Amino acid sequence: MTHYKIGIFAGDGIGPEIMREGCRVLSLVGERNGIQFEQIEAPFGASAYFSHGDPFPEEAKALCDTVDAILKGPIGLSHAESQKIPVDMQPERGALLPMRRRLNTYANFRPVYLPKSLAHFSPLKPEVIGDGIDIVMVRELVGGLYFGKKETGTNAQGKRYVNEVLEYDEDQIRNILVEAFKISQRRKKVLHNIHKSNVLKSSVLWNEIVDEVKDDYPDVEVVHLLVDAAATALCLNPGQFDVMVMENMFGDILSDQGGGILGSLGLMPSACIGPERAYYEPSHGSAPDIAGQNIANPYSMIGSVAMMLEYSFDMRTEAQNIMRALQAVFDDGYSTADLSRQGSSVKMIATNEFGDKVLEKLAAMQVS
Ligand code: NAD
Ligand code: IPM
Ligand code: MN
């Protein structure tokens with residue numbers, strides 16, 4: 001029997017609630033396909049800081065180095081709760097970024113997807129949505145401002161100051177662009193390059209590399225767009241986008257806007273891929289405002305399981321089956337609270353009930 005080891009980092013806030021549903025779906029896929037997905041949990045995030053004194057304990061690091069893939073739930077606390085943890089031990093700086101660097105998962109794929117039939121979930125008007133929203137945001141994940149040198153202190157004038165550096169070398173930029181061109185080639189062959197070259201030198205270098213790499217993908221049309229204009233265009237005409245590529249910080253912000261135009265961050269799964277290792281996580285955070293209530297949308301986590309099956313284990317059909325199962329639950333009129341606004345006809349169900357329905361749909365689908 002094929003046997004894969006999957007690291008499970010449930011995380012904070014709604015993390016454990018949505019991870020539970022993701023793990024159930026993964027187990028069913030294993031049963032259906034005669035594959036053992038061994039799920040090995042490790043402490044990670046703010047909860048690990050409180051239980052182990054470290055948001056990224058040794059056992060989580062050891063798992064990172066040995067498993068076939070990792071499923072990660074969101075980490076982090078509310079602003080007020082975060083203050084109880086020393087700055088460098090807060091799980092974003094103390095666990096998530098070190099994990100991304102350790103795994104070298106430089107390519108972050110964040111699909112922003114809403115079929116026409118679910119246009120009512122979006123705050124955008126149906127005529128703006130047109131045939132639906134189907135974008136893949138490709139975000140550089142281990143460089144830029146997030147990982148540059150940082151310095152804080154007091155300057156000669158006695159003023160507190162900070163200096164943080166946006167650093168990239170040409171190989172880092174080329175690597176992410178190649179991923180974006182490759183996925184573009186498999187889709188509509190239109191790649192939006194998102195940049196800020198009217199101000200940032202990093203974008204000037206980025207665009208130079210775009211010009212070099214594009215010669216290897218002559219069938220892909222490149223459209224250059226400044227990041228601020230891209231933010232507007234996402235609201236006014238999302239249908240123009242197919243694949244968008246951008247540096248780390250731009251990708252952080254625009255991908256959350258992606259969740260906004262869909263109607264909820266709960267619809268945002270993601271894949272974080274490196275040359276040797278990969279992990280999968282929702283694009284959103286730990287949603288402290290709704291944690292512990294069994295109302296979070298597990299789509300993002302279950303969708304991340306689908307992305308893992310596709311990217312790490314080449315199980316495309318099962319990945320597609322999971323996505324079809326998720327859509328089928330919505331098509332039956334059900335959703336979690338985030339997408340069932342007042343006055344809408346959506347039948348509101350809990351996190352675990354949504355998981356139950358996805359499992360039912362998936363179980364009824366043929367294994368190819
Ligand atoms: P958030 O993404 O946690 O929440 C923003 C809004 O979206 C909230 O109203 C929340 O209820 C809603 N939301 C998010 N996911 C949802 C889901 N699955 N179902 C239903 N509603 C959902 O952003 P925030 O509140 O700014 O951040 C909270 C914490 O999460 C912070 O500590 C932040 O650093 C952390 N964070 C972690 C990750 C990660 O682990 N990759 C990503 C983003 C934020
Ligand atoms: C994300 C998150 C992280 C990021 C934080 C929690 C460090 O917002 O995955 O989008 O900024 O990359
Ligand atoms: Mn983010």
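What you are looking at is a predicted structure, and each value in this text was computed from that prediction instead of being measured. Both counts, for ligands and for their atoms, begin at 1 and track the order of listing.
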Point to revise | Any Ser283 heavy atom less than 4.0 Å from ligand 2 | key: yes
Point to revise | For Ser286, atoms of ligand 1 separated by under 4.0 Å from a heavy atom | key: 3 (O), 28 (C), 29 (C), 30 (O)
Check your understanding: Short list, please: which atoms of ligand 1 are under 4.0 Å from a heavy atom of Gly285?
Key -> 1 (P), 2 (O), 3 (O), 30 (O), 35 (C), 36 (N), 37 (C), 38 (C), 42 (C), 43 (C), 44 (C)
Exercise for review: Using a strict 4.0 Å cut-off to heavy atoms of Arg139, name the atoms of ligand 2 that fall inside it.
Suggested key: 1 (C), 4 (C), 9 (O), 10 (O), 11 (O), 12 (O)
Check your understanding: Tell me, which protein residue and heavy-atom name are nearest atom 34 (O) of ligand 1, and how many Å apart are they?
Key -> Glu92 OE2, 2.4 Å
Point to revise | Close-contact set for ligand 1 against Gly76 heavy atoms, below 4.0 Å | key: 32 (O)
**Study point:** Contact atoms of ligand 1, heavy-atom distance to Leu265 under 4.0 Å
**Key:** 2 (O), 5 (C), 7 (O), 14 (C)
Review point. Hey, are Lys116 and Asp131 close enough for a salt bridge, meaning a charged N less than 4.0 Å from a carboxylate O?
Key: yes
Practice item. Describe, in one word, how the ring planes of Tyr280 and Tyr311 are oriented to each other, choosing from parallel (under 30°), tilted (30 to 60°) and perpendicular (over 60°). Key: tilted
Revision key, fill the gap. Heavy-atom proximity to atom 31 (C) of ligand 1 ranks first, among Asp338, Leu77, Ile14, for Leu77
Exercise for review: Determine whether Val358 and Val367 fall in the same hydrophobic cluster, where Ile, Leu, Val, Met, Phe, Trp and Tyr are linked whenever their side-chain heavy atoms lie under 4.5 Å apart.
Suggested key: no
**Study point:** Test side-chain contact (heavy atoms from CB on, under 4.5 Å) applied to Phe44 and Glu59, His52, Met99, the passing residue
**Key:** Met99
Point to revise | ligand 1 contact by Ile18, heavy-atom criterion under 4.0 angstrom | key: no
Exercise for review: Could you list the atoms of ligand 1 found under 4.0 angstrom from a heavy atom of Ala296?
Suggested key: 19 (N)
Practice item. Using a strict 4.0 Å threshold on nitrogen-to-oxygen distance, state whether Asp216 and Lys214 make a salt bridge. Key: no
Review point. Any Lys/Arg nitrogen of Asp65 or Arg102 sitting under 4.0 Å from an Asp/Glu carboxylate oxygen of the other?
Key: yes
Practice item. May I ask you to check whether Asp256 brings an N, O or S atom to under 2.8 Å from the Mn ion (ligand 3)? Key: no
Check your understanding: Should Met249 be listed as contacting ligand 2, given a heavy-atom distance under 4.0 Å as the test?
Key -> no
Review point. Would you say Arg110 contacts ligand 2, with heavy atoms under 4.0 Å as the rule?
Key: yes
**Study point:** Under 4.0 Å to a heavy atom of Lys72 - the qualifying atoms of ligand 1, by number
**Key:** 39 (C), 40 (O), 41 (N)
Practice item. Mark up the atoms of ligand 1 that fall under 4.0 Å of a heavy atom belonging to Leu96, in ascending order. Key: 39 (C), 40 (O), 41 (N)
Review point. Is there any N or O on Ser82 that sits under 3.5 Å from an N or O of ligand 1?
Key: no
Review point. Do you know which of Ile194, Val243, Val112 makes side-chain contact (heavy atoms from CB on, under 4.5 Å) with Met137?
Key: Val112
Review point. Would Phe330 and Phe121 count as a close aromatic pair, with their ring centres under 6.0 Å?
Key: yes
Check your understanding: Is it true that Pro288 lies under 4.0 Å from ligand 1, counting heavy atoms only?
Key -> yes
Check your understanding: Relative to atom 35 (C) of ligand 1, which among Thr336, Ile75, Asn297 owns the nearest non-hydrogen atom?
Key -> Ile75
Check your understanding: Heavy-atom distance under 4.5 Å between the side chains of Arg100 and Asn108, does that happen here?
Key -> no
Check your understanding: Below 3.5 angstrom, do we get any N/O pair linking Ala287 and ligand 1?
Key -> yes
Exercise for review: May I ask which of Asp256, Asp252, Leu96, Leu141 has a heavy atom nearer to atom 10 (O) of ligand 2 than the others do?
Suggested key: Asp252
**Study point:** Residue and atom name of the nearest protein heavy atom (relative to atom 21 (N) of ligand 1), distance in Å to one decimal
**Key:** Ile290 CD1, 3.6 Å
Practice item. Side-chain contact test, heavy atoms from C-beta onward, threshold under 4.5 Å: evaluate it for Lys361 versus Asp332 and give yes or no. Key: yes
Check your understanding: Quick one: which ligand 1 atoms are inside 4.0 Å of a heavy atom on Ser283?
Key -> 42 (C)
Check your understanding: Just checking, Lys196 and Phe250: is the charged tip under 6.0 Å from the six-membered ring centre and within 45° of the axis?
Key -> no
Check your understanding: Would you say ligand 2 has an N or O under 3.5 Å from any N or O of Asn248?
Key -> no
Review point. Which of the listed options, Arg100, Met268, Gln90, holds the heavy atom that is closest to atom 12 (O) of ligand 2?
Key: Arg100
Check your understanding: Do any nitrogen or oxygen atoms of Asp289 lie less than 3.5 angstrom from nitrogen or oxygen atoms of ligand 1?
Key -> yes
Check your understanding: Can you find an N or O of His284 that's nearer than 3.5 Å to an N or O of ligand 1?
Key -> yes
